[in-house]
Amino acid sequence: MSLRFDILTTFPEMFGYEAPSALGLSIPARARAAGLVEWHATNIRDFAENKHSKTDDRPFGGGPGMVMMCQPLWDAVAAVEARDSRPTTRILLTPQGVPLTQKLVEELAIKPRMLLIAGHYEGLDERVIEKLAPMEISLGDYVLSGGELGAMVLMDAIIRKLPGALGHEDSSEQDSFSTRGPDTRPLLDCPHYTKPREWMGMSVPDILLSGDHGRIAQWRRERMLERTKSRRPDLLDPPKPRA
Ligand code: 9D3
């Protein structure tokens, strides 16, 4: 059975199946057309039981911004989870979450069903987080306007790991960040070239035209190490002892 994502958001239009949604093109669109994945965006607002279908309110204790109320989200989760018999892995996109890594993507890519919660406010009322007990995932240390783009990034990364999602089955194994050195740590990718052989006075490294696949593989490996050393030395550092 195919993977099912449900997204809870106050901006469901961001997840449209056709362009301009980022998921309406490229690999996610192909995977969906092939029946490998489906996604359904649901408006949390449809579940608000107050007069103006409000989903947020001012924070107790004062301060800027709005806080997402418990009731609409709680009822939205219950309704959406009942639409399919498979249990969901609940995920909240939040700056307070664990940073998304390829390792986490690969762990999630084997789940049958995920419920992604994207907030667009200062945050959710802590009590509904406690009750829902979702995994909390962050995209990294910068500020987004809301969790929706985070949800799409996560979905994209997961979808391309599904068996059959890529044209050639080995290409996701070759990714930067799943490419393993002899010591099992990931390396950055090497440079790539295509036609023409000469462009604006710049030529392609001779070795790539040599036909010697052994030496080409060795050259690529060296470039990967060199780039990783200069751009991402952190990837070559010995793993830090856990706190
Ligand atoms: C004043 C504190 N702000 C936190 C840095 C408030 C705040 C800003 C932006 C709370 C939420 C948001 C919206 N961001 C997300 O929902 C979000 C996010 C992000 O901002 N950065 C990285 N990953 C993520 S996942 C969801």
Side-chain angles (χ1 to χ4, degrees), residues 3-16 20-24 27-28 37 39-48 53-77 80-81 88-109 111 113-161 175-178 186 232 234-235 243:
L3 167 61
R4 174 175 176 143
F5 287 105
D6 284 281
I7 308 100
L8 290 176
T9 169
T10 50
F11 295 93
E13 300 88 346
M14 286 177 77
F15 295 85
S21 160
L23 300 169
I27 294 164
V37 61
W39 58 88
H40 306 273
T42 299
N43 199 335
I44 299 165
R45 197 175 159 92
D46 295 346
F47 296 87
S53 298
K54 269 192 339 164
T55 56
D56 60 343
D57 210 329
R58 301 171 64 195
F60 279 126
M66 299 291 270
V67 175
M68 188 172 285
M69 299 160 71
C70 294
Q71 179 274 317
L73 180 60
W74 177 256
D75 289 350
V77 169
V80 161
E81 288 188 341
T88 64
T89 299
R90 294 173 177 168
I91 297 171
L92 172 63
L93 284 305
T94 165
Q96 276 75 52
V98 297
L100 183 62
T101 58
Q102 190 63 24
K103 179 168 172 281
L104 183 49
V105 166
E106 283 164 22
E107 286 167 18
L108 292 172
K111 306 281 188 193
R113 196 180 172 207
M114 279 170 267
L115 177 69
L116 308 181
I117 303 167
H120 224 94
Y121 305 95
E122 279 308 297
L124 312 184
D125 187 310
E126 190 67 20
R127 293 169 295 183
V128 75
I129 301 177
E130 237 176 87
K131 277 283 187 199
L132 292 172
M135 292 183 67
E136 298 184 54
I137 297 179
S138 162
L139 269 284
D141 293 338
Y142 43 83
V143 183
L144 300 173
S145 311
E148 287 83 2
L149 284 171
M152 279 189 244
V153 168
L154 177 61
M155 289 168 69
D156 182 275
I158 290 171
I159 289 168
R160 63 184 296 291
K161 294 305 298 182
D175 296 342
S176 244
F177 296 103
S178 353
R232 291 294 306 277
D234 58 299
L235 295 178

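Quick caveat, the model's predicted, so the values are computed rather than measured. Order of listing sets the numbers, starting from 1, for every ligand and every atom in it.
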- Query: Hey, is ligand 1 close enough to Y142 that some N/O pair sits below 3.5 Å?
  - Reply: yes
- Check whether any side-chain N or O of R160 sits under 3.5 Å from a backbone N or O of I27 as a donor-acceptor pair, and report yes or no. no
- Message: Is it the case that the side chain of R113 and the backbone of E81 share a donor-acceptor pair, with hydrogens and angles ignored and the cut-off at 3.5 Å?
- Response: yes
- The atoms of ligand 1 lying under 4.0 Å from a heavy atom of L93, numbered in the order shown, are 25 (S), 26 (C)
- Query: So, is L139 polar-close to ligand 1, with some N/O to N/O distance under 3.5 Å?
  - Reply: yes
- Backbone or side-chain N or O of V143 under 3.5 Å from ligand 1 N or O: no
- How far is atom 11 (C) of ligand 1 from its nearest protein heavy atom, and which residue and atom is that? Y121 O, 3.5 Å
- Item | Per-atom contacts, ligand 1 versus S138 - under 4.0 Å to a heavy atom | 22 (C), 23 (N)
- Task: Check whether any side-chain heavy atom of V80 lies under 4.5 Å from a side-chain heavy atom of T88, and answer yes or no.
- Result: no
- Task: Could you find the nearest protein heavy atom to atom 25 (S) of ligand 1 and give me its residue, atom name and distance?
- Result: T94 N, 3.3 Å
- Message: Test your reading of the structure: does G150 have an N or O sitting under 3.5 Å from an N or O of ligand 1?
- Response: no
- Message: Any heavy-atom pair between the side chains of V128 and M68 that's under 4.5 Å?
- Response: no
- To the nearest 0.1 Å, how far is atom 14 (N) of ligand 1 from its closest protein heavy atom, and which atom is that? L144 O, 3.5 Å
- Task: For G147, take its heavy atoms, then give the atoms of ligand 1 lying under 4.0 Å from any of them.
- Result: 15 (C), 16 (O), 26 (C)
- Query: Who's the nearest protein heavy-atom neighbour of atom 22 (C) of ligand 1, and how far?
  - Reply: G140 O, 3.2 Å
- Item | Side-chain heavy-atom pair M135, L104 within 4.5 angstrom cut-off | yes
- Please verify whether a non-hydrogen atom of G123 lies at under 4.0 Å from ligand 1. no
- Message: Less than 4.5 Å apart, side chain to side chain, heavy atoms only: is that true for I129 and T94?
- Response: no
- Atom OH of Y142 with >12 non-hydrogen neighbours under 6.0 angstrom: yes
- Item | Heavy-atom nearest neighbour in the protein, as seen from atom 6 (C) of ligand 1, with distance rounded to 0.1 Å | E122 OE1, 3.2 Å
- Task: Name the closest protein heavy atom to atom 17 (C) of ligand 1, giving the residue it belongs to and the distance to 0.1 Å.
- Result: P95 CD, 3.7 Å
- Would one find more than 12 heavy atoms of other residues, nucleotides or ligands at under 6.0 Å from atom CG of D141? no
- Message: So does F47 get a backbone contact from the side chain of Q71, meaning a donor-acceptor N/O pair under 3.5 Å?
- Response: yes
